[in-house]
Visitor: 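Please see the structure below; I have some questions.
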Amino acid sequence: MTYKTILVHCDAGPKVAQRLAVAADLAELHAAHLVGLHASPPLEAPVFFEGMPMDSLFASYEAGARADEAAARKAFDRVLKGRHLSSEWRVTEGFIDTELAVQARYADLLVVGQTDPEAQTPTPSDLPESVVLSTGRPCLVVPHVGVRKPPGQSVLLCWNATRESARAAADALPFLRAARKVTVLVVDPRTSPNGHGAEPGADVAHWLARHGVKVTVQRDVAADTDVGGVILSRAADLDVDLIVMGIYGHSRVREMVLGGASRTLLSSMTVPVFISH
C-alpha cells in the first residue's frame, strides 16, 4: 500500500502554508497526486438584519468568498513552485466538513490543520475529528504551531488492541515501513486471549515486523493521568515526529463525542497526528 492521492484542505487562514508544505513533501515522497480543496461556504443571511439591502449583502459575501479563494490558491501555487508534482486544484461550494468527507473518499490520505483557537476563519472547530469519523479514510492532522521536521522518521503507534487501533496501524503502514524507528505504546494493557494476548504489544509487533517495520514495544501506566497525557509525555520523551492512533466516537448534528485520549491529543498535539476510524 502507498499513498497515491493526497487531499489537502486549503482555506484562507494564516496557517495553511504549514499543512500544504507537509502535504507536498508527502506527495513527493510517495510520487502521489496532490489535490488542494477549497470550499466556499454558502451565504447564510441573518434572520433579522437592518441597514443593508439583500443585494449588497450578497455582493459582500461574493467579494469575501473570491478573496478567500484567491488567497488559498496563492498558497497552493506557492508550495508547488519548483516541485515536479502531479497536482490539481478544486473549488466547491458547501460546508467544508461535508465537502472534505465526500472528496476524501477518493483519496488515500487527507491532510488538515489542527484547530487553531486564535484563527479568525469559519472553519469548524471539530473539523479533523468530524471528517475522519465520517469519511472512512485516514487523516493527518498538522499542528497549528507548525512542524520542526518532516513527519515519519520516528513514529509512536498507540495500541490498545481495538478495531480502531488496528485500522489506524494498517492505514499508516506506508509511514511505518519507511520510519527509522517505530515505538508501539501500550497503556494500561490487560492480558486477554481476545485482546492484547499473553504479552501486550507482542502480537502487533510481530505483525509489523513481517512488513519490515523496525519496531519496539513500550508498556506504560496512566495512573492518575489520562491516557492522552501519557501519550503526549512519551512522544516528547522519545522525540517522535508522528503519532498514530485510532479514534473512536460518533458525531451528531454539530456535536462530537470522542474518547478522552483522542480529545486530548487533538487539542494539545505538538507533532502531527495520524488518525483513523
Side-chain angles (χ1 to χ4, degrees), residues 6 8-9 11 13-26 29 75 79 109-121 123-132 138-160 164-165 168-169 171-172 174-176 178-188 216 218 220-249 256 258-277:
I6 297 176
V8 57
H9 169 219
D11 60 8
K15 304 297 179 66
V16 66
Q18 297 172 349
R19 85 185 72 115
L20 276 169
V22 171
D25 287 345
L26 289 174
L29 179 64
V79 81
L109 179 67
L110 170 64
V111 180
V112 303
Q114 179 196 18
T115 299
D116 184 354
E118 298 180 359
Q120 301 297 314
T121 63
T123 303
S125 61
D126 58 0
L127 181 65
E129 51 264 53
S130 173
V131 173
V132 83
C139 178
L140 182 68
V141 187
V142 179
H144 60 72
V145 296
V147 296
R148 294 182 292 110
K149 50 189 174 182
Q153 292 302 303
S154 179
V155 182
L156 185 68
L157 170 62
C158 306
W159 182 258
N160 63 359
E164 290 82 4
S165 61
D171 286 341
F175 277 111
L176 302 179
R180 288 201 300 262
K181 177 183 178 183
V182 174
T183 303
V184 174
L185 179 64
V186 187
V187 180
D188 293 335
T216 60
Q218 179 168 334
D220 215 319
V221 293
D224 295 331
T225 309
D226 68 291
V227 174
V230 171
I231 295 170
L232 290 172
S233 179
R234 296 302 165 264
D237 293 342
L238 297 167
D239 193 28
V240 304
D241 51 47
L242 179 65
I243 298 173
V244 175
M245 73 176 300
I247 68 169
Y248 68 91
M256 191 65 51
L258 287 182
S262 305
R263 179 67 69 188
T264 298
L265 257 68
L266 290 174
S267 63
S268 304
M269 57 191 283
T270 56
V271 298
V273 177
F274 181 103
I275 54 177
S276 180
H277 178 71

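Keep in mind it's a predicted model, so treat the numbers as computed, not measured.
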Visitor: Which atom pair, heavy atoms only, marks the closest approach of A222 to V230?
Guide: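 Smallest heavy-atom distance, with atoms named: CA-CG2, 3.7 Å.
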Visitor: Are any non-hydrogen side-chain atoms of Q218 and L238 less than 4.5 angstrom apart?
Guide: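 A side-chain contact under 4.5 Å exists here.
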Visitor: Under a 4.5 Å cut-off applied to non-hydrogen side-chain atoms, are S276 and C139 in contact?
Guide: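 The answer is no, as the side chains (C-beta and beyond) never meet within the 4.5 Å cut-off.
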Visitor: Say you draw a straight line from CD1 of I243 to CG of L265; how long is it, rounded to the nearest 0.5 Å?
Guide: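 If I round to the nearest 0.5 Å, the distance is 5.0 Å.
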Visitor: Taking all atoms of both residues into account, what is the closest heavy-atom pair of V244 and A168, and its distance?
Guide: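 Taking every non-hydrogen atom into account, CG1-O, 3.9 Å.
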Visitor: Does R263 offer a backbone N or O that forms a donor-acceptor pair with the side chain of S267 under 3.5 Å?
Guide: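 It does hold such a pair.
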Visitor: Using side-chain heavy atoms (C-beta onward) and a distance below 4.5 Å, is L20 in contact with V8?
Guide: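 Of all side-chain heavy-atom pairs linking V8 with L20, at least one is under 4.5 Å.
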Visitor: Between Q114 (side chain) and H144 (backbone), is there a donor-acceptor pair under 3.5 Å?
Guide: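 Between the backbone of H144 and the side chain of Q114 there is a qualifying donor-acceptor contact (under 3.5 Å).
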Visitor: Rounded to the nearest 0.5 Å, how far does NZ of K181 lie from CG of L156?
Guide: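 Here the interatomic distance stands at 9.5 Å.
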Visitor: Counting N and O atoms only, with roles assigned by atom type, does the side chain of R19 sit under 3.5 Å from a partner on the main chain of V111, one being a donor and the other an acceptor?
Guide: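 The answer is no, because no donor-acceptor pair under 3.5 Å joins these two groups.
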Visitor: Exactly one of V142, L140, V141 should register a side-chain contact (heavy atoms from CB on, under 4.5 Å) with P128. Which one does?
Guide: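 For P128, the side-chain contact (heavy atoms from CB on, under 4.5 Å) test succeeds with only one of V142, L140, V141, which is V141.
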Visitor: Taking the side chain as every heavy atom from C-beta outward, state whether V131 and V112 have any atom pair closer than 4.5 Å.
Guide: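 Side-chain contact under 4.5 Å: no.
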Visitor: Rounded to the nearest 0.5 Å, what's the gap from OG on S154 to NZ on K149? Could you check?
Guide: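 S154 OG to K149 NZ: 6.5 Å, rounded to 0.5 Å.
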Visitor: Kindly give the heavy-atom pair with the smallest separation between C158 and S165, and that separation in Å.
Guide: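 Nearest pair, atom of C158 first, then S165: O-CB, 3.9 Å.
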Visitor: Identify the two heavy atoms, one from A169 and one from W159, that lie closest to each other, and give their separation to 0.1 Å.
Guide: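 Shortest heavy-atom separation between A169 and W159 comes out as CB-CZ3, 4.3 Å.
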Visitor: Could you check L266 against M245 for side-chain contact (heavy atoms from CB on, under 4.5 Å), going step by step and ending with a plain yes or no?
Guide: CA-CA 11 Å; L266 290 174; M245 73 176 300; over 6 Å; no
Visitor: Determine whether V187 and R234 make a side-chain contact, defined as any pair of heavy atoms from C-beta on separated by less than 4.5 Å.
Guide: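 SC-SC contact between V187 and R234 ruled out.
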Visitor: Return the set of residues passing side chain to side chain contact (heavy atoms under 4.5 Å, CB included) with L29 (not counting sequence neighbours), or none when no residue passes.
Guide: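 Residues passing side chain to side chain contact (heavy atoms under 4.5 Å, CB included) with L29: none at all.
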Visitor: Do D241 and R180 meet the salt-bridge criterion of a basic N to acidic O distance under 4.0 Å?
Guide: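 Between D241 and R180 there is no salt bridge, as every charged N stays at least 4.0 Å from the carboxylate O atoms.
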Visitor: Please round to the nearest 0.5 Å and tell me the distance separating atom OG1 of T264 and atom CE of M269.
Guide: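 It is 13.0 Å, given to the nearest 0.5 Å.
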Visitor: Without swapping roles, check the side chain of D126 against the backbone of E129 for a donor-acceptor pair under 3.5 Å.
Guide: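 No: the side chain of D126 does not pair with the backbone of E129.
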Visitor: Using side-chain heavy atoms (C-beta onward) and a distance below 4.5 Å, is L242 in contact with F175?
Guide: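 Yes, side chains in contact.
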Visitor: To the nearest 0.5 Å, tell me how far L232 CG sits from T270 OG1.
Guide: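 The OG1 atom of T270 is 6.5 Å from CG of L232, to the nearest 0.5 Å.
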Visitor: Counting C-beta onward and ignoring hydrogens, is there a side-chain heavy-atom pair between S262 and I275 closer than 4.5 Å?
Guide: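 SC-SC contact between S262 and I275 ruled out.
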Visitor: Rounded to the nearest 0.5 Å, how far apart are CG of L110 and CZ of F274?
Guide: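 That separation rounds to 10.5 Å.
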